[in-house]
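Just so it is clear: chains get the letters A, B, ... in the order the sequence lines come, proteins before strands, and each one is counted from 1.
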Protein chains: 4
Amino acid sequence: MNTEKMPRRERERLRHRALILDAAIELFSEKGYQNVSVQEIARRAEFSVGALYSFFESKERLYESLVLSVAEEHHARLLAALRREGEASAVLRGYVAERGRLFTDNIKLVRLYFSETRALGSPMQSAVCEKVHELYHELVLEAASVIERGVREGAFREGDPYHMAVALEGIINAFLFCWLQEPERQPYEANVPVILDIFLRGAAAR
Amino acid sequence: MNTEKMPRRERERLRHRALILDAAIELFSEKGYQNVSVQEIARRAEFSVGALYSFFESKERLYESLVLSVAEEHHARLLAALRREGEASAVLRGYVAERGRLFTDNIKLVRLYFSETRALGSPMQSAVCEKVHELYHELVLEAASVIERGVREGAFREGDPYHMAVALEGIINAFLFCWLQEPERQPYEANVPVILDIFLRGAAAR
Amino acid sequence: MNTEKMPRRERERLRHRALILDAAIELFSEKGYQNVSVQEIARRAEFSVGALYSFFESKERLYESLVLSVAEEHHARLLAALRREGEASAVLRGYVAERGRLFTDNIKLVRLYFSETRALGSPMQSAVCEKVHELYHELVLEAASVIERGVREGAFREGDPYHMAVALEGIINAFLFCWLQEPERQPYEANVPVILDIFLRGAAAR
Amino acid sequence: MNTEKMPRRERERLRHRALILDAAIELFSEKGYQNVSVQEIARRAEFSVGALYSFFESKERLYESLVLSVAEEHHARLLAALRREGEASAVLRGYVAERGRLFTDNIKLVRLYFSETRALGSPMQSAVCEKVHELYHELVLEAASVIERGVREGAFREGDPYHMAVALEGIINAFLFCWLQEPERQPYEANVPVILDIFLRGAAAR
DNA sequence: TATGAATGAGGTTTCATTCAT
DNA sequence: CATGAATGAAACCTCATTCAT
């Protein structure tokens, strides 16, 4: 967003809003949505509760804004990775690595995202929920189109590129989840070639 | 557990406990842990709050019992699927199908399981959390040993069977997740061959 | 009470009642009336809640029975001490010592007695409260009559014997209270002569 | 505490805190700690439960604050009485009278203090309990030092002043307790000379 | 009569939200 | 606008008492 042209007052407000979101991200990802009180967020952000409510009409909406902003940032970075130029498999390698980077740099956040987004009784309005799913879907579609290109270029075998993309997504998640259980065993990056190898060559003897 | 030899009083109590667990499963999976009150569970189970507390020492422990019992049942069925006799790839096919059956038969439950288990500030004691992870890990190991056998039998190519198992797990989850978004598009079973195909042959052109 | 002539059934019942009272005494004096549940008493006495309610119509009445029985026992022993034969001052010495013995042998019980008896919102019906006060009053009167005899015998100076008795009571209690704070400093008995000395000679220079 | 220099907001809060303490004192001393609910206190103070909890972190702590503030006020007044100038016996007379005044002006409060402070399972943290005992002890020591001075001035006979002080304390309490039983019989003040007479001259014939 | 499972009112405490200052 | 004190509904849990067996 272009903030340069705004009057000072408005710029200040945006900055304050961001500070509150930052505090909220920290707290939510440390303790989970339900275990953080509005008072706590306000205190951490060094604002009054009233101020907080002048930016967000409810705790729920604050949470949604937060999820949305994080989702959009991640989405942008992952989309960029998928739109890089180069051989399809190289692009996918980059994507797999970027997924890892985002994940490992923001474990807590990502956990929050995973758990609360898919949770039942999640405090998100369905509009936001859908928006998040839409972003996710868009990403899978983009990956599919990379794969499709790979097929056209003869690098990948025939097959439904969307299915392939879904599978890739799953493999990445599974390895990320593994890493999450024992982060100290080895850095996630070590898995990047493994993931690609399995994804590309499959399990069967040729 | 053998309930036949028990005195009637005790049998009744077990039945009542189960009734409460049933009500809790329904409610939790409809609305999520935090959005269900103890009163509500009691009402749905047609017991008093006090009765509920005579079976479970807290809402948290009730939830844990519930998760554990579901996890153990699922685990048993999946383990059985993996221990069936036959060619490695046929066993895996059976496993993929069974995963689907469990998932689609208990969507809400599974959603609950997914969301709350991994959630931060999850209300589960780490003991239960660990137990669940242990069961999961055991399953992956069992799948890995099936794959290992496949390698020995010349059906699968060389490679770390554990990694393969993790990848398979991921692919299954990804397709299940897809199905969850649009259950009406096609039955999950239609995906079983797709999953196996991708898992076995990979994406690369030969 | 004479229990010998009773039918076996009734004797048994009395024994059970006593067992429950014993358990209740222990628990109440360990944790205070409000912090002991009926379930707990029943468990400690190895009876069912129902059985307990067949003996006492409520927790409150159970408590009253207990207080009454203890009060009566103490009263009997103290009265006996005051009715012993001998010089008035020797009798009082015996009484002071007996008070100490009862107190130090049943500290917890006595604490309970002290605190809950005089407490506001005490769970005792006024009838029982009055009964306890009556017993106390009787004791003071008895002490007063000993003192009166002492006056007649020329051992004590003229003055209202009732007031004297009240004062003696107060001095005893004060020293008991002191002892309660630091029981290990010295045995209560060491104070018996001190109490009598102060009571008899007063503080003023002659 | 100097409240004059404070910002208005803070002054208001202190006032509100005091209002709640007042309501709590009334209720506790009418019905006893356990028989008063937080809701009730809030209602009587014309605040919400939440407001109450913004001042005191729990019912228990509220109770402690209350006990402490009353204990300190009483302590201050009694200490002042003991530190007045004049003959030792006159000072003690003043003290005995002041004890009576405090007691009879706050019967309910004092009852509360007596009963709950010494009670088992009393809801007071040991820190507060100790503080109260400390104040009490300090008072006895102060009385002892007055008596000691009396001894030096030749007004009181030789003897352990601390024991004398304890005894005086006991006599006062006993007469207060008597008065409590039948307040209407005679005003407590009538007992002041009696108490001093017994305390100073003792019971024995000279 | 004895049992102990079941009841449910009532207790303490939290926290999203409002609003006078 | 910002503040933060105040609100009060609703949560979890306890326990004296009842009653079917």
Side-chain angles (χ1 to χ4, degrees), chain A residues 9 12-13 16 34-43 46-62 123, chain B residues 7-10 12-13 16-17 20 34-43 45-62 123, chain C residues 9 12-13 16 34-43 46-62 123, chain D residues 7-10 12-13 16-17 20 34-43 45-62 123:
Chain A
R9 259 314 231 320
E12 276 285 273
R13 269 192 75 73
H16 291 177
Q34 299 271 11
N35 307 304
V36 172
S37 73
V38 173
Q39 276 82 347
E40 217 170 339
I41 301 173
R43 207 180 314 127
E46 296 180 287
F47 282 94
S48 68
V49 202
L52 194 150
Y53 271 86
S54 82
F55 289 108
F56 306 96
E57 71 182 26
S58 68
K59 187 190 177 190
E60 201 173 314
R61 289 277 193 288
L62 160 57
Chain B
R8 197 180 44 70
R9 256 299 185 38
E10 214 157 323
E12 277 282 273
R13 260 190 89 72
H16 292 177
R17 204 188 109 110
I20 289 173
Q34 299 270 14
N35 307 301
V36 172
S37 76
V38 173
Q39 306 250 10
E40 218 169 340
I41 301 173
R43 205 179 314 126
E46 293 182 287
F47 281 95
S48 67
V49 194
L52 194 152
Y53 274 90
S54 81
F55 290 107
F56 307 96
E57 70 181 24
S58 67
K59 187 189 177 191
E60 200 173 314
R61 289 276 197 287
L62 160 57
Chain C
R9 259 317 232 317
E12 278 284 275
R13 268 192 75 74
H16 291 178
Q34 299 271 13
N35 306 304
V36 172
S37 72
V38 173
Q39 277 81 347
E40 217 170 341
I41 301 173
R43 207 180 313 126
E46 296 181 284
F47 283 95
S48 69
V49 203
L52 195 152
Y53 270 87
S54 81
F55 290 109
F56 306 95
E57 71 182 27
S58 69
K59 188 191 177 188
E60 200 173 313
R61 289 278 194 286
L62 159 57
Chain D
R8 197 179 45 68
R9 258 300 188 35
E10 215 156 325
E12 278 282 273
R13 260 190 86 72
H16 292 176
R17 204 189 109 108
I20 289 173
Q34 299 270 15
N35 307 302
V36 172
S37 75
V38 173
Q39 306 250 9
E40 217 170 338
I41 301 173
R43 205 180 314 127
E46 295 181 287
F47 281 94
S48 68
V49 197
L52 193 152
Y53 273 89
S54 81
F55 291 107
F56 306 95
E57 70 183 22
S58 66
K59 188 190 176 189
E60 200 173 314
R61 288 276 197 287
L62 160 56

Self-check item: Distance, rounded to the nearest Å, where A/Glu40 contributes CD and E/dA16 contributes C1'
Solution: 13 Å

Quiz item: How long is the line joining CG of D/Leu62 and C1' of E/dG11, in whole Å?
Solution: 15 Å

Self-check item: Sequence-distant partners of C/Glu60, salt bridge (Lys or Arg N to Asp or Glu O under 4.0 Å), two or more places apart
Solution: none

Self-check item: Atom pair distance, as rounded to whole Å: NZ in D/Lys59 and C1' in E/dG11
Solution: 8 Å

Quiz prompt | Whichever of A/His16 and B/Arg9 has its nearest DNA chain F nucleotide further upstream toward 5' | solution = A/His16

Quiz item: A/Glu40 and A/Asn35: side chain to side chain contact (heavy atoms under 4.5 Å, CB included), yes or no, with the steps?
Solution: CA-CA 10 Å; A/Glu40 217 170 339; A/Asn35 307 304; over 6 Å; no

Quiz item: Atom CD1 of C/Ile41 and atom C1' of E/dG4: how far apart are they, to the nearest Å?
Solution: 16 Å

Quiz item: What distance separates D/Ser48 OG from D/Gln39 CD, expressed to the nearest 0.5 Å?
Solution: 10.0 Å

Quiz item: What is the distance from atom CD1 of D/Ile20 to atom CZ of D/Phe56, rounded to the nearest 0.5 Å?
Solution: 6.0 Å

Quiz item: Expressed in angstrom and rounded to an integer, what is the separation of A/Asn35 atom CG from E/dT13 atom P?
Solution: 19 Å

Practice problem: Quickly work out the A/Arg61 CZ to E/dA16 P distance and round it to whole Å. | Solution: 16 Å

Self-check item: Contact list for DNA chain F against residues 46-57 of chain B - heavy-atom distance below 4.0 Å
Solution: B/Val49, B/Gly50, B/Tyr53

Exercise. To the nearest 10°, let me know how far the axis at one end of the helix from E/dA2-F/dT21 to E/dT21-F/dA2 is tilted from the axis at the other, five pairs an end.
Key: 10°

Quiz item: In Å and rounded to the nearest 0.5 Å, what is the NZ to CG distance from B/Lys59 to B/Leu52?
Solution: 11.0 Å

Practice problem: Could you list the residues that satisfy side-chain contact (heavy atoms from CB on, under 4.5 Å) with C/Glu46, not counting sequence neighbours? | Solution: none

Exercise. Quickly work out the B/Arg13 CZ to F/dA20 C1' distance and round it to whole Å.
Key: 15 Å

Self-check item: Listed partners of B/Glu12 passing side-chain hydrogen bond (donor to acceptor under 3.5 Å, both in side chains), at least two apart
Solution: B/Arg15

Quiz item: Contact class for D/Glu12 vs. all strands (heavy atom < 4.0 Å): base, sugar-phosphate, or nothing?
Solution: nothing

Exercise. Using only side-chain N and O atoms of A/Gln39, determine if any of them is under 4.0 Å from OP1 or OP2 of F/dG4.
Key: no

Quiz item: Rounding to a whole Å, what distance do you find between D/Glu10:CD and E/dT21:P?
Solution: 18 Å

Quiz item: Hey, mind stepping through B/Leu62 and B/Val38 against side chain to side chain contact (heavy atoms under 4.5 Å, CB included) and telling me if it holds?
Solution: CA-CA 10 Å; B/Leu62 160 57; B/Val38 173; over 6 Å; no

Quiz prompt | Under the side-chain hydrogen bond (donor to acceptor under 3.5 Å, both in side chains) test, residues paired with D/Arg13 that sit two or more places apart | solution = D/Ser54

Quiz prompt | 5' precedence on DNA chain E between A/Glu60 and D/Val36 (nearest-nucleotide basis) | solution = D/Val36

